[in-house]
Amino acid sequence: GDDSALLRLRDLDVTYGRAVRAVRAVSIEVPHGAVVAVLGANGAGKTSLLRAVSGTLPLHGGTVDGGRITVEETALTGRDPAAAVRAGVVQVPEGRRVFAGLTVAENLRAGTLGLRGSGRAARISTALDRVFALFPVLADRRGQRAGLLSGGEQQMLAIGRALMAEPRLLLLDEPSLGLAPRMVSLIAEVITEINRQGVGVLLVEQNAATALRLARHAYVLDVGRVRLAGPAARLAATDEVRRLYLGEA
Ligand code: ATP
């Protein structure tokens with residue numbers, strides 16, 4: 001138990017219906033100021049883990065039926081997405097879902113719907129400046145419909161929209177999926193910068209090479225269980241990770 005953890009998952013169990021045990025007794029910590037990666041093959045349980053933290057599991061027919069989720073002092077186990085957002089937890093779903101018929105600016109504005117507290121207008125304006133500084137292309141295209149953006153630009157918009165909600169912890173689900181290598185590097189740089197600005201990041205990736213470069217700590221999930229865990233540099237050097245997840249001989 002590290003008292004400085006931003007996110008702490010303890011013995012988490014996730015199921016869908018009666019038969020599918022997607023996550024089993026998983027314990028994971030994201031320290032303050034860290035990028036933590038969760039790796040694993042298709043179906044390992046990575047997305048289910050993020051849904052449990054963001055409170056969106058019931059929307060997909062799943063439940064947390066064991067363990068605890070805490071963000072600093074706030075218990076999030078079994079809470080809804082609004083509670084997660086209030087605690088500063090925001091998920092960027094897989095597949096860069098943006099509102100295709102809305103403009104870039106309208107998509108970003110949609111990220112602020114859960115914002116509470118005083119000085120809302122000023123905070124939104126600050127957040128917008130920050131997103132446009134991170135992704136200048138979004139500023140250039142603010143009036144354009146999101147459906148007309150490239151895949152990489154839509155991923156930027158999905159991340160930008162999440163940042164508009166003032167997250168303390170960003171949950172990223174496969175941000176590099178289907179993107180060209182140049183775009184993967186750009187997104188990786190931006191994740192590092194967002195983290196440098198004080199946001200904790202829990203990054204789910206099948207692209208182990210990118211994730212292990214970005215992250216301080218990493219966990220490897222296999223059929224719902226933590227199979228390996230440790231400092232990212234150390235995991236990247238193990239035979240098992242090199243062979244199974246980095247595609248080396
Ligand atoms: P992927 O990269 O394909 O998203 P993953 O590691 O994120 O893989 P999950 O999507 O969390 O894995 O899936 C874990 C297990 O839960 C799999 O057996 C999957 O079939 C099952 N599962 C995921 N979503 C649902 C759902 N909505 N209903 C029923 N079973 C589901």
Side-chain angles (χ1 to χ4, degrees), residues 7-30 35-69 76-81 84 89-98 151-152 154-155 158-159 162 169-181 183-184 187-188 191 201-215 217-230 232 235-236 240-241 243-247:
L7 174 70
R8 189 175 285 139
L9 307 181
R10 275 275 180 284
D11 296 324
L12 193 71
D13 293 315
V14 170
T15 58
Y16 296 95
R18 281 169 190 276
V20 182
R21 300 178 58 203
V23 173
R24 310 176 192 207
V26 165
S27 296
I28 281 178
E29 284 186 6
V30 179
V35 177
V36 170
V38 176
L39 313 176
N42 250 322
K46 306 182 299 297
T47 295
S48 300
L49 194 82
L50 295 190
R51 287 174 179 163
V53 177
S54 65
T56 56
L57 206 44
L59 302 174
H60 302 274
T63 46
V64 172
D65 52 15
R68 279 191 299 129
I69 303 167
L76 281 185
T77 326
R79 306 287 303 279
D80 64 12
V89 177
V90 181
Q91 181 170 4
V92 181
E94 190 177 341
R96 43 186 178 272
R97 258 161 269 147
V98 295
Q154 288 184 1
Q155 183 60 264
I159 294 172
L169 174 66
L170 200 57
L171 308 175
L172 291 171
D173 197 349
E174 308 260 10
S176 73
L177 193 69
L179 300 185
M183 196 55 80
V184 172
I187 297 282
I191 291 170
V201 177
L202 183 59
L203 169 68
V204 156
E205 266 294 347
Q206 282 188 53
N207 183 341
T210 298
L212 289 172
R213 268 200 302 274
L214 281 175
H217 296 283
Y219 297 79
V220 176
L221 284 191
D222 184 31
V223 207
R225 291 187 186 279
V226 175
R227 181 177 171 121
L228 293 167
L235 281 193
E240 186 174 9
V241 169
R243 198 161 36 81
L244 294 177
Y245 300 100
L246 295 173

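Whatever order the structure lists them in is the order used to number ligands and atoms, beginning at 1. The shown structure was predicted, so the numbers you read here are calculated from the model rather than taken from an experiment. Throughout, numbering of the chain's residues begins at 1 and tracks the sequence.
- For the residue pair Ala218 and Leu235, the shortest heavy atom distance occurs at O-CD1, 3.3 Å.
- Legend: residues meeting side chain to side chain donor-acceptor pair (under 3.5 Å) with Thr15, ordered by chain and number and at least two apart, are Thr63, Asp65.
- Evaluation of the side chain to side chain donor-acceptor pair (under 3.5 Å) rule for Gln154 yields no partner, not counting sequence neighbours.
- The side chain to side chain donor-acceptor pair (under 3.5 Å) search around Glu205 returns Ser176, not counting sequence neighbours.
- Within 4.0 Å of ligand 1, the residues that place a heavy atom are Tyr16, Val20, Ala22, Ala41, Asn42, Gly43, Ala44, Gly45, Lys46, Thr47, Ser48, Arg51, His60, Glu94, Glu174, Gln206, listed by chain and number.
- More than 12 heavy atoms of other residues, nucleotides or ligands lie within 6.0 Å of CZ in Arg24, so this atom counts as buried by the packing criterion.
- With hydrogens and angles ignored, the 3.5 Å screen pairs a side-chain donor or acceptor of Lys46 with a backbone N or O of Ala41.
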